[in-house]
Amino acid sequence: MPRFAANLTMLFTELPMMERFAAAAAAGFQGVEILFPYDIAARDLSRTAIAAGLDFVLMNTPPPNWTGGARGFAAELGREERFRSDFDRALRFASVLRPRHIHIMAGYAQGPEARDTFARNLRWAADRAPHVGLTIEPLNPADQPGYFLADFDLAAELIAEIGAPNLGLQFDTYHAHRITGDAMAVWRRHAGITRHVQIGGVPGRHEPVGGTFDFPGFFAALDRSGYKGWVSAEYNPASLTAEGLGWLPQP
Ligand SMILES: O=C(O)C(=O)[C@@H](O)CO
Ligand SMILES: [Mg+2]
C-alpha cells in the first residue's frame with residue numbers, strides 16, 4: 001500500500017493550521033503537504049510536523065497564500081525575474097521544511113512563447129536546485145481558466161525535453177479526469193515519470209470513494225507499478241474531514 005499524506009490546505013480546515021498536523025497523524029496519515037505555506041514561519045511548520053511524526057511531502061512555488069494571487073509565473077514571458085525570486089523564496093522555505101517536492105506553478109499564458117518560457121524556467125530551476133525534487137502538474141481549465149499547463153502529454157514532453165533527473169510529473173486523479181475523462185488511462189500512460197500523486201474524487205472533488213474511478217484498484221496499480229512516492233489526499237471534504245476518512249487504508 002502506498003504512503004498517504006494529507007493536504008492541509010484542503011483537509012482538516014475545521015481546525016487552525018497548526019492543529020491540523022496532529023489531526024492528520026491521529027487519522028493515520030504519515031505525511032502532510034501545504035500548497036502555499038508562506039504565511040507561517042517554516043521553522044514552526046517544521047517543528048510541528050516533526051512533533052506529530054509526519055513527513056513534509058510537498059509545497060508549491062508562491063503565490064503567497066491559498067486565497068490570493070496567481071498560480072505562479074513560470075510560463076509567463078516577461079515575468080522571469082518574478083519567477084526566479086519566487087523560486088528562491090521557495091528554496092529558502094524548503095531548506096527548513098525539507099519537502100520531498102516543490103511543485104512549480106506555470107501561471108497564466110498561452111502559445112509557443114509560453115511553452116518556451118516555461119521550458120527555460122524549468123531548466124533554470126532544475127539546475128539551480130539539483131538536489132530538490134521538482135514537479136509540474138496539469139490543472140483542468142474549468143477550475144483554472146487560462147492556466148498554461150492543462151495537458152498531461154505536454155507535461156511529459158517538457159519533462160523529456162528538459163531531461164533533468166530532479167523534474168517529474170505530479171499526477172492528480174481529479175484533474176486527470178476533468179481534462180481527459182479517463183484518469184486511469186492517464187496514469188497508465190505517464191506512471192513512469194510520475195513523482196507525486198494527489199487524489200480527489202471524480203467527477204466532484206470530494207472524498208476518493210465511489211464516483212467513476214476505482215480508487216482501491218488505483219492503489220493496487222500504484223503498488224504493482226513500483227511507485228515509491230507519496231499519495232496525497234487533496235479534496236474538499238463533503239463534511240467534517242474525519243467523518244469522510246473511511247477510504248484511508250490504515251497501516
Ligand atoms: O489544484 C491542485 O490540484 C493543486 O495541486 C495545487 O497545487 C494547485 O494550486
Ligand atoms: Mg493537485
Side-chain angles (χ1 to χ4, degrees), residues 7 9-10 33 35-36 57-64 66 69-80 82-84 86-87 90 99-129 132-200 202 205 229-230 232 234-235:
N7 181 307
T9 304
M10 295 176 75
E33 62 182 33
L35 296 183
F36 306 107
V57 175
L58 174 110
M59 55 184 259
N60 291 352
T61 50
W66 179 236
R71 295 276 182 271
F73 301 97
E76 295 186 25
L77 185 65
R79 309 296 296 271
E80 289 84 351
R82 173 72 197 260
F83 168 72
R84 288 178 181 205
D86 279 354
F87 186 73
R100 171 130 183 196
H101 302 292
I102 296 177
H103 166 205
I104 296 184
M105 300 214 70
Y108 304 89
Q110 301 302 320
E113 281 185 343
R115 187 195 186 289
D116 290 350
T117 306
F118 196 35
R120 238 186 353 264
N121 281 331
L122 289 174
R123 201 169 278 123
W124 175 86
D127 284 350
R128 188 160 183 83
V132 179
L134 305 176
T135 59
I136 54 175
E137 177 190 26
L139 304 182
N140 81 80
D143 287 359
Q144 289 293 333
Y147 186 77
F148 173 71
L149 191 60
D151 179 330
F152 282 88
D153 289 343
L154 174 59
E157 202 178 285
L158 284 162
I159 288 166
E161 189 177 302
I162 291 159
N166 59 331
L167 178 67
L169 181 70
Q170 186 166 318
F171 169 80
D172 185 318
T173 57
Y174 167 73
H175 290 297
H177 176 84
R178 293 291 301 260
I179 293 171
T180 70
D182 188 349
M184 196 62 99
V186 177
W187 165 253
R188 282 193 213 101
R189 194 168 161 82
H190 297 301
I193 57 164
T194 299
R195 301 286 165 74
H196 185 58
V197 170
Q198 292 174 321
I199 53 171
V202 296
R205 200 180 199 181
W230 287 83
S232 285
E234 188 190 39
Y235 58 80

In terms of ring plane angle, is the pair H196 and H101 parallel, tilted or perpendicular, where the classes change at 30° and 60°?
->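 Judged by the thresholds at 30° and 60°, the geometry between H196 and H101 is tilted.
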For the residue pair W124 and F83, does the interplanar ring angle fall in the parallel (under 30°), tilted (30 to 60°) or perpendicular (over 60°) class?
-> perpendicular
Are [X] and [Y] packed together at the side-chain level, in the sense that at least one heavy-atom pair is separated by less than 4.5 angstrom?
| X | Y | answer |
| --- | --- | --- |
| V186 | I179 | no |
| R115 | F148 | yes |
| E234 | L35 | yes |
| L122 | L134 | no |
| D143 | Y174 | yes |

Inspect the surroundings of CZ in R189 and state if more than 12 heavy atoms from other residues, nucleotides or ligands are less than 6.0 Å away.
-> no
What do you reckon, is CD of E113 surrounded by more than 12 foreign heavy atoms closer than 6.0 Å?
-> no
Note: [X]-[Y] ion pair, threshold 4.0 Å (strictly below):
| X | Y | answer |
| --- | --- | --- |
| R205 | D172 | yes |
| E33 | R100 | no |
| R82 | D86 | yes |

Is the side chain of E76 donor-acceptor paired with the backbone N or O of A74 at a distance under 3.5 Å, no angle test?
->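 Checking the backbone N and O of A74 against the side chain of E76, no donor-acceptor pair under 3.5 Å is found.
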Indicate whether the side chain of Q144 and that of Y108 have a donor and an acceptor atom separated by less than 3.5 Å.
-> yes
Any idea which heavy atoms bring T173 and I199 closest together, and the distance?
->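 For T173 and I199, the tightest heavy-atom pair comes out as OG1-CA, 3.4 Å.
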